[in-house]
Protein chains: 4
Amino acid sequence: MNKNRLEAFSDGVLAIIITIMVLEMHVPHSAEPSALLPVLPVFLSYVLSFVYLAIYWNNHHHMLHTVSRVTGSILWANLHLLFWLSLFPFATGWMGQNHFAAGPTALYGAVLLMAAVAYMTLQRCIIVSQGPESLLKRAIGGDWKGKLSPMLYIVALAVSWLSPGVAQALFVLVALLWLIPDRRIERVFPSG
Amino acid sequence: MNKNRLEAFSDGVLAIIITIMVLEMHVPHSAEPSALLPVLPVFLSYVLSFVYLAIYWNNHHHMLHTVSRVTGSILWANLHLLFWLSLFPFATGWMGQNHFAAGPTALYGAVLLMAAVAYMTLQRCIIVSQGPESLLKRAIGGDWKGKLSPMLYIVALAVSWLSPGVAQALFVLVALLWLIPDRRIERVFPSG
Amino acid sequence: MNKNRLEAFSDGVLAIIITIMVLEMHVPHSAEPSALLPVLPVFLSYVLSFVYLAIYWNNHHHMLHTVSRVTGSILWANLHLLFWLSLFPFATGWMGQNHFAAGPTALYGAVLLMAAVAYMTLQRCIIVSQGPESLLKRAIGGDWKGKLSPMLYIVALAVSWLSPGVAQALFVLVALLWLIPDRRIERVFPSG
Amino acid sequence: MNKNRLEAFSDGVLAIIITIMVLEMHVPHSAEPSALLPVLPVFLSYVLSFVYLAIYWNNHHHMLHTVSRVTGSILWANLHLLFWLSLFPFATGWMGQNHFAAGPTALYGAVLLMAAVAYMTLQRCIIVSQGPESLLKRAIGGDWKGKLSPMLYIVALAVSWLSPGVAQALFVLVALLWLIPDRRIERVFPSG
């Protein structure tokens, strides 16, 4: 399996997910500026999901940078990650169209959690395939961000039923944590 | 005809098919968790189709790996395969939205069957183009999975009118058969 | 301007157009097989448009094969072609959902005509950019198919108001004419 | 970060945006030619947005041509640009479906303005990353078009509430200004 085709397919799927999400922002029938008000929550959830998908695309690229051979387990772990990311438009639309209510917020958190688990699984598969001298293992180091994020999603999930606002604040916090690109891998490939 | 452009176009079409299928999961209007219940069958049929399309993408890649020259018949056989795969979102949405009723289950089986026939036709075209020393022919060997799958689809089609559940179980069974990537071709290209 | 990026962008747009067309086949609400009957005309018009877009993709590739330098006029002529092709989903959906009525058939013919004109303009731009020794000019020769098609579309347009069926038969005829890949260019690049 | 993957991802997103915009042109239920009349404003706004996105794609390519190393700031400035461009389908659909009313026209202008600001930010990030000998800085020179466009968008925004037609004329004017491809960069890379 050629790495370039894996990257190209992943890029294609991510580009489509990030773009069709905008279709959940339904064009209002009225031309009044006030008609945009009900669209605002959908817009805000779109911004959040756009940032998350951009982070995934970015980190996915950095991670694949360390891969030289694509094994069957890497291939399927990658498809598994794409599956959970493909649920973003649905979760984003439900949360936005229901003005950040408790149930949709919990589902959004669950999708974030599953995507994070899928990402860690892919990371694990790559490290295993690279053996004891794994470049990726060296690059991610303690991986505190990768370990902290799913915990924060679980907290958000639990809290979403009592106070959806706190859960959403946690979603934003994790996104901010990751907005800083993964310089750890850049450090290992200084000339990359 | 350049193989890279054929691969890139096929990847693009497959990436879009796999992603727009998620649009058939309509966002419910209510924010109640119970509003997700009617979406569940659509979700399950989405999972099944995602796995099928992932298998096609994976095997398609392995198959094209053996191609060095793209003939006119390979090109059109490939477009013919993409045509049947492009019907997955429709068949998936109809089956899911009607809670796996008999008619939609039969249509889903028919689309699976036609896609399998189109895949075998493409395989045939590639083998013919490679002549008696065909790499692909050597790689697929007896091709028991390729021969068994259409038969199981035909059984599923026949049985779907009496017992849709059995047909769906057969769809899942064939998917599981194929989930194991086509190691036969990997064996021929050990350093691939 | 790099030819690869022009090809990749064109492939992306064509892959999306060919795939989102399937969204015009709305999933019926009923699970009865008879519920597929009203979808049949949309399906037939989808098949026709799929074949047309596949032909365009194929010939577009052969044509770009002869290009070594992308000029500004080639770039804009290519975008102009993509614009008319992007109207296929709308024209296809309108014709199919109205069971091949006169008006939608005429619009379909008009879109086919404009796409053909845009294709010929792109061909012209490439030939001009290649100077008197143009490879493409040599390859297309008399280009009887390129000259006949727009005339047949004009006949179809005129006749669609009296007898839409005749116009549709002409659409199918032109598609069959082109289904034979453009071997003229392959002849000039025998090792391609 | 590899420039090719940044280009490929940007191309993918732009190809999808430009193509799904056409979905805002809803297929009319009636087969009468007069049923196309209400679609006409959506078509016209689609043409305008298609031209704008084609210009962005074209200039984006020329700009990235000068980049040899993708920094974190270039990467995020590029995603920021894609975000604003992804709002084109929504703004286009709202303006078209409301027959160029004042509010939607103002929103369209606001999206154009934000995309222009995002483009200038990306340009700035690239110039900074290239240091004092920046190829891009030399290539764009005084950049009068880049400086004039946002001003014209602001004028259009202010005037849209009084006279939407004047605002739309300004949108067309700016598009015409840019339709001439950015020959400044071509001049610096004469053999490009």
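Letters A, B, ... mirror the listed sequences (proteins, then strands); counts begin at 1.
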Original post:
Taking every heavy-atom pair that is under 4.5 Å apart, which of A:A31, A:P33, A:S30 has the most such pairs with chain D?
Top reply: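 Option with the top pair count is A:A31.
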
Original post:
Out of D:S86, D:A101, D:G103, D:G93, which one racks up the most heavy-atom pairs below 4.5 Å with chain A?
Top reply: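 Most pairs with chain A among the choices: D:S86.
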
From [X] [atom1] over to [Y] [atom2], what is the distance, rounded to the nearest 0.5 angstrom?
{"X": "A:L64", "Y": "D:R5", "atom1": "CG", "atom2": "CZ", "value": "6.0 Å"}
{"X": "D:L87", "Y": "A:M25", "atom1": "CG", "atom2": "CE", "value": "6.0 Å"}
{"X": "A:I18", "Y": "D:I16", "atom1": "CD1", "atom2": "CD1", "value": "9.5 Å"}
{"X": "A:S10", "Y": "D:F9", "atom1": "OG", "atom2": "CZ", "value": "11.0 Å"}
{"X": "D:L75", "Y": "A:W57", "atom1": "CG", "atom2": "CH2", "value": "5.0 Å"}

Original post:
Hey, which of A:V42, A:V27, A:L23 is the one that makes side-chain contact (heavy atoms from CB on, under 4.5 Å) with D:F90?
Top reply: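 Answer to the side-chain contact (heavy atoms from CB on, under 4.5 Å) test with D:F90 among A:V42, A:V27, A:L23: A:V27.
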
Please classify the contact of [X] with chain D as side chain, backbone, both or neither, using a heavy-atom distance under 4.5 Å.
{"X": "A:L14", "result": "both"}
{"X": "A:V47", "result": "both"}
{"X": "A:I55", "result": "both"}

Subject >> Atom of D:W94, atom of A:A35 and distance for their closest heavy-atom approach >> reply: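 Shortest heavy-atom contact: CZ2-CB, 4.5 Å.
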
Subject >> Nearest non-hydrogen partners of A:A54 and D:L79, listed with the distance >> reply: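 Closest approach of A:A54 to D:L79, heavy atoms only: CB-CD1, 3.7 Å.
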
**OP:** For residues A:Y46 and D:F83, establish whether the separation of their ring centroids is below 6.0 Å.
**Re:**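 Ring centroids of A:Y46 and D:F83 are less than 6.0 Å from each other.
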
